Amino acid sequence: MNELERLRQNLGSIDEQIADLLTERMDCISRIMTYKKEQGLPVLQPEQEVRQTMNLLKRVDGSVFEEEILDIFHYITKNSKKIQAKNLFHENIMLIGFMGAGKSTVSSYLSKMLALEVVEMDQLITEKEGMPITQIFSEYGEAYFRNCETNTLIELQKYNRLVVSCGGGAALRQENVDIMKKNGRIVLLTATPEAILERVKDSDERPLLNGNMNVSFIKELMEKRKDKYYAAADIVIDTTNRTIYNICEELIGRLSKS
Ligand code: S3P
């Protein structure tokens, strides 16, 4: 056997070992998740993720292949998160609620912690229509925008385990709620009008609030929408004065139980 053949044989056997170790690692991830669920422990443990990263950095520090190894571990971690998510949810998570209730913040945290794919409905509509929401409202009117929302929800129905950050008005149409329920669990995020104002006051991207940036308008519109929001929701989570970690932990705990 020449040197090249010997090296290739060696490489083949290393790959087999890596594949076996990865299987073992993924199995370990699954078991950790089962254990956490059985014991009622928090699912998201960001501090543990930091500890693991620090250990890894120490281990590869000074290696000629440090950058490449860390890149590979990035994918390993991402796939581990996907395994965790599979263990927790099967359907889509549909986040509904008033503007500024925290839908986008919650969806991006869930995406970071569980490698879930996120869809921002407003963003999809903006891309498809080739213009911002404010312009869709001013050029075609609100009714046209509401139809865009329904069409987007129909398109999203074919996917699984997405986190969908719905526009604040999406759950007001019964047809939309029926579509969401076919393949998803509906999570209503709430907050006080004061907290909402604080979160939205610097944005001019919400046509309904432009010129109406005050607590009394927000309160009134929230009140008008309240019954429909609550009727649509499978679970309700208050986001006022809470950390994003705390909100998401409650969301996962309640969705994976029910
Ligand atoms: C709306 C909420 C907005 C956007 C549009 C209308 C509403 O989305 O869809 O301005 O009717 O509540 P966010 O809730 O993401 O701000």
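It should be emphasised that the depicted structure is a prediction, and the values quoted were computed from it without experimental measurement. Counting starts at 1 for both ligands and their atoms, following the listed order.
- Ligand 1 has a nitrogen or oxygen under 3.5 angstrom from a nitrogen or oxygen of Gly168.
- At a threshold of 4.5 Å between non-hydrogen side-chain atoms, the residues Arg199 and Thr105 do not count as touching.
- Side chains of Arg6 and Gln9: a donor-acceptor N/O pair is absent below 3.5 angstrom, by distance only.
- Atoms of ligand 1 lying under 4.0 Å from at least one heavy atom of Asp122, given by number and element, are 3 (C), 4 (C), 8 (O), 9 (O), 13 (P), 15 (O).
- Residue Glu142 does not touch ligand 1, judged by heavy-atom distances below 4.0 Å.
- Checking Glu129 against Tyr144 by side-chain atom types alone, a donor-acceptor pair falls below 3.5 Å.
- When non-hydrogen atoms are compared, ligand 1 lies under 4.0 Å from neither the backbone nor the side chain of Met121.
- Interface atoms of ligand 1 facing Lys103, defined by a heavy-atom separation under 4.0 Å, are 13 (P), 14 (O), 15 (O).
- A donor-acceptor pair under 3.5 Å is formed between the side chain of Tyr229 and the backbone N or O of Gly168.
- At a 4.0 Å cut-off, at least one heavy atom of Arg146 sits close enough to ligand 1 to count as contact.
- Polar contact check, Glu205 against ligand 1: no nitrogen or oxygen pair lies under 3.5 Å apart.
- Nearest heavy-atom pair, Met113 versus Lys81, reported as atom, atom and distance to 0.1 Å: O-CD, 3.3 Å.
- Counting only heavy atoms from C-beta outward, the side chains of Leu7 and Leu11 never approach each other to under 4.5 Å.
- Take Lys219 and apply the salt bridge (charged side-chain N to carboxylate O under 4.0 Å, His left out) test, not counting sequence neighbours, and it matches no residue.
- Atoms of ligand 1 lying under 4.0 Å from at least one heavy atom of Gly169, given by number and element, are 1 (C), 7 (C), 11 (O), 12 (O).
- With a 4.0 Å heavy-atom cut-off, ligand 1 is reached by the side chain of Arg225 but not by its N, CA, C or O.
- A donor and an acceptor atom, one from each side chain of Arg146 and Asn151, are nowhere located under 3.5 Å apart.
- Counting only heavy atoms of the protein, atom 16 (O) of ligand 1 lies nearest to Arg206 NE, 2.6 Å.
- Nearest to atom 10 (O) of ligand 1 among the protein's heavy atoms is Pro207 CD, 3.4 Å.
- Using a 4.0 Å cut-off to heavy atoms of Leu208, the atoms of ligand 1 that qualify are 7 (C), 11 (O).
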